[in-house]
Amino acid sequence: MADIPPEEVVNYACEDADITLRLADVFEARMPAGSPERHILEEVEMPLVPVLADMEMEGVRLDVDVLGAMAEGLKEDLRKLTESIQAHAGVPFSIDSPRQLGEVLFDHLAITDKAKKTKTGQYATGEDVLQKLVDTHPIVAEVLEYRQLNKLLSTYVRPLPELVDPETGRIHTQYMQAVAATGRLSSTQPNLQNIPIRTKRGREIRKAFVPRDANHVLLAADYSQVELRIVAALSGDRGLCTAFLEGADIHTATAAKVFGVPAEEVDRGQRSQAKAVNFGILYGQGAFGLAETLKIPRREAKGIIEAYFAEFADLKAYQTRVVEEAKENGYVETVLGRKRWLPDITSANAVVRGFAERNAINAPIQGSAADIIKIAMVHIHRALDEGGFKARMILQVHDELVFDVPTDEVEAVRELVCSHMERAVELAVPLEVEAQTGQDWLEAH
DNA sequence: TCTCTGCTCAC
DNA sequence: CAAGTGAGCAGAGAC
């Protein structure tokens, strides 16, 4: 081994021997030519590196005045809420401290005699816990609102303007390519993959994400129901596949089957329940979790899940199969053959094993969605370059891509982006993409 | 200064 | 016991 340059060698220190191997041999053994791993490395992950680098360097412009105005409003509302919460409590305390808040609510004010504890023994004061206690005392609703507004101020509105690069005037996130166990990207410094959208107040933050100048717009393109389409394709479930092939509203179609009524007669409540079941399926949720989400008795949740799997029997069989395969092989795979190893799948501990089983169900779905959008990103980046477009890909949020586009390129880029996203892979069901433009990220949704 | 905990934002 | 993947913030305590 003396003739191998040191940078081409890996050393293993074992109990009673030092083993030296050629790096190239280790690589060939771990990623043999023609293997799915090698394909993912060479055709997806490596080509994605310069794409992500370009996105990071390009950055996204932030209108700091929008956030400045929001900050003033939030501070004033938080001041009033703090005053009122302290008055209800009767003692000064830090609302930001879950421990102090728990003591105020459950010892001092004693708003319930059934307080829940966390695993470390302190009072649980999470959103779901407080939501159930909202009628016991006026302080509870105020704490919930305080938490929501303080989250917006402390995580987004205050820090984001600080992260604008003085050179470019833009925010430059970092995409982490080898962090998430499923193959997803993550985003840090700042995380631009969790900018609020759910609440009215939070959504406003998206108005601060703007195109580079007056001659550009933001174009946001997102996959419609991509994970449910993937689960339909992977399971080959006839009911699910047919619904997607017919272009049906998937939650309405699901409700029609589960509740045994024609699609036209599905009401809002039934659709919303079916939607919750569909999402739960992606994570391996059980009756307990569904009951919690829908705020219905467990018995009822169990009935809904049973009706669901009676209708979508191929899906049930698929989930059973994927867990069995995980036990057999020690891993599960995405559409591209990306593996997630699950050593806990054979654990004797039912809690630990249950976790691994839900990972076995979820990872192929979440990971396949990651595979698909990564392929689309590589193709789109190449097509924009080859087409001589000035449009730039600037953000990825798991099932969504955002572009900064000159106004005269909008229609061509929209077509290019949608077409590459929809054709990234060929599945047994169509992939659909919705694209919208706007003068800010909120408007583009 | 570092790490852990609890909480909450996104998909 | 119970719903997957992440990141960031403030509090609290160890060092």
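Side chains are part of it too, since the values below use all heavy atoms of this structure and drop only hydrogens, waters and symmetry mates.
- In this structure, A/Asn194 reaches the bases: a heavy-atom distance under 4.0 Å links it to at least one base atom across the strands shown.
- Closest contact between the side chain of A/Thr118 and the listed nucleotides C/dA7, B/dG6, C/dG11 involves B/dG6.
- No contact: A/Glu292 has no heavy atom under 4.0 Å from any strand.
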| said: Using side chain to side chain contact (heavy atoms under 4.5 Å, CB included), reason through A/Arg353 and A/Thr346 one step at a time and then give a plain yes or no. | reply: CA-CA 6 Å; A/Arg353 193 176 62 247; A/Thr346 53; over 6 Å; no
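- Picking from C/dC1, B/dA10, B/dC11 the nucleotide with the shortest atom distance to the side chain of A/Pro196 gives B/dA10.
- If you measure from atom CD of A/Gln148 to atom P of B/dG6, you get 23 Å, rounded to the nearest angstrom.
- In this model, the phosphate group of C/dT5 is approached by a side-chain N or O of A/Arg340 to a distance below 4.0 Å at OP1 or OP2.
- If you check the side chains of A/Glu142 and A/Ser84, you find a donor sitting under 3.5 Å from an acceptor.
- Judged by distance alone with a 3.5 Å cut-off, no donor-acceptor contact links the side chain of A/Gln193 to the base of C/dG6.
- A salt bridge does not link A/Arg392 with A/Glu409: none of the charged nitrogens is closer than 4.0 Å to a carboxylate oxygen.
- No engagement by A/Ala363 is indicated, since no non-hydrogen atom pair under 4.0 Å with the nucleic acid exists.
- Side-chain N/O atoms of A/Ser94 include one lying less than 4.0 angstrom from OP1 or OP2 on C/dG11.
- Between A/Leu78 atom CG and C/dA10 atom C1' the separation is 14 Å, expressed in whole Å.
- OP1 or OP2 of B/dC7 sits under 4.0 Å from a side-chain N or O of A/Thr125.
- Side-chain nitrogen and oxygen atoms of A/Thr120 include at least one within less than 4.0 Å of the OP1 or OP2 phosphate oxygen of B/dG6.
- Separating the NZ atom of A/Lys151 from the P atom of B/dC9 is a distance of 6 Å, rounded to the nearest angstrom.
- Heavy-atom distances to DNA chain C give each of A/Asn150 and A/Gly354 a nearest nucleotide, and the one nearer the 5′ end belongs to A/Gly354.
- Nucleic acid contact class of A/Glu127 (heavy atoms, under 4.0 Å, all strands): sugar-phosphate only.
- The phosphate of C/dA10 (OP1 or OP2) has a side-chain N or O of A/Arg158 nearer than 4.0 angstrom.
- Residue-level contact check: A/Leu152 touches neither bases nor backbone, having no heavy atom under 4.0 Å from any strand.
- The side chain of A/Val351 lies closest to C/dC1, out of C/dC1, B/dC11, C/dA3.
- Side-chain contact of A/Arg99 with A/Thr120: a donor-acceptor pair under 3.5 Å is absent, judged by distance alone.
- Separating the CG atom of A/Leu160 from the C1' atom of C/dG8 is a distance of 11 Å, rounded to the nearest angstrom.
- Atom CG of A/Asn191 is separated from atom P of B/dC11 by 11 Å (rounded to the nearest Å).
- Scanning atom types as modelled, no donor and acceptor separated by under 3.5 angstrom connect the side chain of A/Arg147 and the base of B/dC7.
- Residue-level contact check: A/Glu400 touches neither bases nor backbone, having no heavy atom under 4.0 Å from any strand.
- Residues A/Leu185 and A/Met176 are not in side-chain contact: their nearest non-hydrogen atoms beyond the backbone lie 4.5 Å or more apart.
- For the residue pair A/Ser187 / A/Thr173, a side-chain donor-acceptor distance below 3.5 Å is found, with atom types taken as modelled.
- The residue A/Glu227 sits apart from the nucleic acid: no heavy atom pair falls under 4.0 Å.
- Across B/dC9, C/dA7, C/dA2, the shortest atom-to-atom separation from the side chain of A/Arg198 is found for B/dC9.
- Side-chain N/O atoms of A/Thr188 include none lying less than 4.0 angstrom from OP1 or OP2 on C/dA7.
- For A/Gln396, no side-chain nitrogen or oxygen approaches OP1 or OP2 of B/dC11 to under 4.0 Å.
- Residue A/Asn359 places at least one side-chain N or O closer than 4.0 Å to OP1 or OP2 of C/dT5.
- The side chain of A/Arg358 contributes no N or O atom lying less than 4.0 Å from OP1 or OP2 of C/dA3.
- Within the nucleic acid shown, A/Ala124 comes within 4.0 Å of sugar-phosphate atoms alone, with no base atom in reach, counting heavy atoms only.
- Only the P atoms considered, B/dC7 is 16 Å distant from C/dA2, to the nearest whole Å.
- Rounded to whole Å, the distance from CD on A/Glu357 to P on C/dA2 is 13 Å.
- Applying side chain to side chain donor-acceptor pair (under 3.5 Å) to A/Glu83 and the options A/Gln86, A/Arg79, A/Lys80 leaves one that passes, A/Arg79.
- For A/Tyr175 and C/dT5, the OH to C1' distance is 16 Å, given to the nearest whole Å.
- In this structure, A/Arg203 atom CZ and B/dA10 atom C1' are separated by 14 Å, rounded to whole Å.
- Note on A/Ile361: nothing from the nucleic acid sits closer than 4.0 angstrom, heavy atoms only.
- Side chain of A/Arg298, nearest nucleotide from C/dA2, B/dG6, C/dA12: C/dA2.
- Under 4.0 angstrom from either OP1 or OP2 of C/dA12 there lies at least one side-chain N or O belonging to A/Ser97.
- Nucleic acid contact for A/Gly280: none, since no nucleic acid atom lies under 4.0 Å from a heavy atom of the residue.
- Taking atom P on both B/dC4 and C/dA3, the two are 26 Å apart, rounded to the nearest angstrom.
- A/Ile85 places a side-chain heavy atom less than 4.5 Å from the side chain of A/Tyr146.
- Phosphate proximity of C/dA7 to A/Ser186: present, with a side-chain N or O under 4.0 Å from OP1 or OP2.
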